[in-house]
Amino acid sequence: MKVVLPDNSELELPAGATGLDAARAIGPKLAEQAVLVRANGRAQDLRLPLQDGEPIQILTIRDKDDPDALAVLRHSSAHLLAEAVTRLYPGVRLAIGPAIENGFYYDFDFPEPIREEDLEKIQAEIDRELAEGREWVRQEVSRDEARELFSSDPYKLELVDTAEGDISIYTQSHDGVGNFTDLCRGPHLQDSKPIKALKLTGLAGAYWRGDSSNPQLTRIYGTAFYAQKDLDAYLERIEEARRRDHRHIGPQLDLFHFDEHSPGSPLWHPHGMVIWNELERVRRRENAKRGYLEVRTPIIYDADTFWTSGHFPKYEDLMFKVDVRGQQFAMKSMNCPGHMLLFGSRLRSYKELPVRFAEPAPLHRDELPGTLHGLLRVRIVTQDDAHIFCTEEQIQDEIAGCVAYARYLYELFDMKASAELATRPDNKIGTDEQWDHNEAALETALALNEIPYTLAPGEGAFYGPKIDLFMDDALGRKWQMGTIQLDSQMPHRDPDRAFRRRLPVLARAGAGAGAAGRGGARRAGADPRASAARRGLPGRGRGAKRDDRQANPGGRAREDPRDRRLRRPRERREPRGARARRRAIDPRAFRPPRQAC
RNA sequence: GCCGGAGUAGCUCAGCUGGUAGAGCAACGCCCUUGUAAGGCGUGGGUCGUCGGUUCGAGUCCGACCUCCGGCUCCA
């Protein structure tokens, strides 16, 4: 058989030859330095056979910046970590240990919790392994053999059962030491020599398979490079980014600060307001150019409003509630309710359409403490939020307009946009034709604007697909910025019947949408509460409300407002933890930002 | 929320096994007048995150809480 080399020359090989065989055929030095073969564009273990006629590229230790070459180095590093931990902590159970963007991690289930100090010990053990050296041997096994091998490792067993294709294992050892075997798809290095720098960087809790209903594991992070100076440069880059952290610079420049008396809510200083007002000016100017009509609606609405809008069934725990003379109100976490009330305040003619309402209102969200992060994840956000009421025929143009607007903003701030297109979920309402049409409209808009996106199948809201826009920060963390959501089902939930016919609503948030949630758990059902809400159809909210009232008659005891003034600020209304227990949910699974109404 | 870390003067931090708080920078005062990464001398400044407990005595030990930092997506 033949394979094609990068210079387009052909290499003749015996049938079943592997990447390593190909390297050997070219030269001994190449074979020695090879770490990976890219076959047909895909990273492949050197030990695996090549296909006849496919183009290949041998990556070596000199391709030290190649993402695939780094990934194989780091994945092998993760296995060294696993070996060290297995030796140091008898009884530990192994979960998974992939390479990630800037390093690798391995998830463990420790019999006893470990602390940060333990990392030093583990690091020393890994350093010893590196000094001894390790070679990796790949073996293919049957599913039954794999189950036998990992019979005491529940996580590995689950992986065996859910794995696609053949099962492989890797054993790492050298001169009889090590001898650590792990279930692994590969690819791996030939041996540990290319790992010139390996550093454990952190410790964190992480749920098995990213699902909060699963046990929490202990994740150990690390990174590795083909050269010590690359590790040094990486650490220096992290340091530099830290020095430029807006959370330090902001207060230093007297722009804003945070106070523990209102966690997650910046206090803007005079200098900061100069920037704020400039952003406002840009927002007004650009909105005006695009035909948005500025409106202003209340911050606080009664519970009825939020049951109808669907916020309460889904997001009640993340909204600030206000008790007004015994009646429950809440602070809006999105502008939709006000805009719906405004649009529905009189009968509208389709000749008015499209109507684009924009509102720069402060929105309040009771984000969980562990998720707050400077100005990027806050409890109060003023975003350029808008709702567009239009006809089915106008959808495509309006969406394209929204995406183009988003692109304009990203370019204005010199940010690289990336997007996620979330499509129909299982509990969707509306017809397939409608969804086909709407998803296509979103996709077309993204393509027209050349914004790279990934598909998130099944992640759309039950009422329509959406586009979430992201930015990366200096440390490579992803933050959700804007969103564009299409709701073709609004009339179903509109109690006031302001619509004579079914009218789609487009909800979009652009500049200033800084409080967006991070891309959390992707898996549907990760949040039991949210998925339950998704199952509920529009209109069921009212029933749910009655149930809720019965379950919780009267709610919290009322208090005299005068008492409130007298009360010392630190005093709490209820036992600590009661509230936390009530909302035992996975914060990441919750995508608070802007589920439209 | 969960896991790990942290909370001592405006800032950066030290304070080991408990005995009533320190440094550098900043600020302020005086001196020097010195051409742009830190001239000299001196002074003031801390309920050691909050509440409670142990103790003759707690920044230091125990408990609860608050806030902040890293992480909880990258699928054997």
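Quick note on labels: first sequence line is chain A, next is B, and so on, each numbered from 1.
Residue A:Y207 has no polar side-chain atom (N or O) positioned under 4.0 Å from OP1 or OP2 of B:G71. OP1 and OP2 of B:C68 both lie 4.0 Å or more from every side-chain N or O belonging to A:R247. Residue A:H373 has no polar side-chain atom (N or O) positioned under 4.0 Å from OP1 or OP2 of B:C68. An OP1 or OP2 oxygen of B:C74 is reached within less than 4.0 angstrom by no side-chain nitrogen or oxygen of A:R209. Between A:R477 and B:G71 there is a side-chain N or O to OP1 or OP2 distance below 4.0 Å. The phosphate of B:C75 (OP1 or OP2) has no side-chain N or O of A:Y155 nearer than 4.0 angstrom.
Both distances falling under 3.5 Å, in either a Watson-Crick or a G-U wobble arrangement, place B:G63 opposite B:C51. B:C30 is paired with B:G40 under the criterion used here, namely a Watson-Crick or G-U wobble arrangement in which both key atom distances are under 3.5 Å. Remark: B:G4 base-pairs with B:C69; criterion is Watson-Crick or G-U wobble with both hydrogen-bond distances under 3.5 Å. B:C25 and B:G10 make up a base pair, with Watson-Crick or G-U wobble contacts both under 3.5 Å.
Taking every side-chain heavy atom of A:A204 into account, B:G70 is the closest of B:C75, B:G70, B:C72. For A:R115, taking side-chain heavy atoms from C-beta onward, the closest of the listed nucleotides B:C68, B:G4, B:A76 is B:G4. Nearest to the side-chain atoms of A:A206 among the listed nucleotides B:C74, B:C72, B:G5 stands B:C72. The side chain of A:L203 lies closest to B:G4, out of B:A76, B:C72, B:G4.
Here the closest non-hydrogen pair linking A:S151 and A:L157 is O-CD1, 3.8 Å.
No hydrogens or angles considered: nothing links the side chains of A:R47 and A:S168 as a donor-acceptor pair under 3.5 Å. A donor and an acceptor atom, one from each side chain of A:Y155 and A:D107, are nowhere located under 3.5 Å apart.
The interatomic distance linking A:I238 (CD1) with B:G71 (P) rounds to 9 Å, in whole Å. The separation between A:E116 atom CD and B:C69 atom P is 16 Å, rounded to whole Å. The interatomic distance linking A:E260 (CD) with B:C65 (P) rounds to 16 Å, in whole Å. The distance from atom CG of A:N102 to atom C1' of B:G71 is 14 Å, rounded to the nearest whole Å.
Look at the P atom in both B:A27 and B:C65: the space between them is 41 Å, to the nearest Å. Spacing of P atoms, B:U20 relative to B:A38, comes out at 39 Å, to the nearest Å.
A:L159 comes within contact range of the sugar-phosphate backbone alone, with a heavy-atom separation under 4.0 Å but no base atom that close.
Nearest-nucleotide positions on RNA chain B for A:P263 and A:L475 put A:P263 closer to the 5' end. Nucleotides of RNA chain B nearest to A:H79 and A:L217 differ in position, and the one nearer the 5' end is that of A:L217.
A salt bridge is defined here as a Lys NZ or Arg NE, NH1 or NH2 lying under 4.0 Å from an Asp or Glu carboxylate O, and A:R185 with A:D45 fails to meet this definition.
Residues A:S192 and A:E129 form no side-chain contact, since every pair of their non-hydrogen atoms from C-beta on lies 4.5 Å or further apart.
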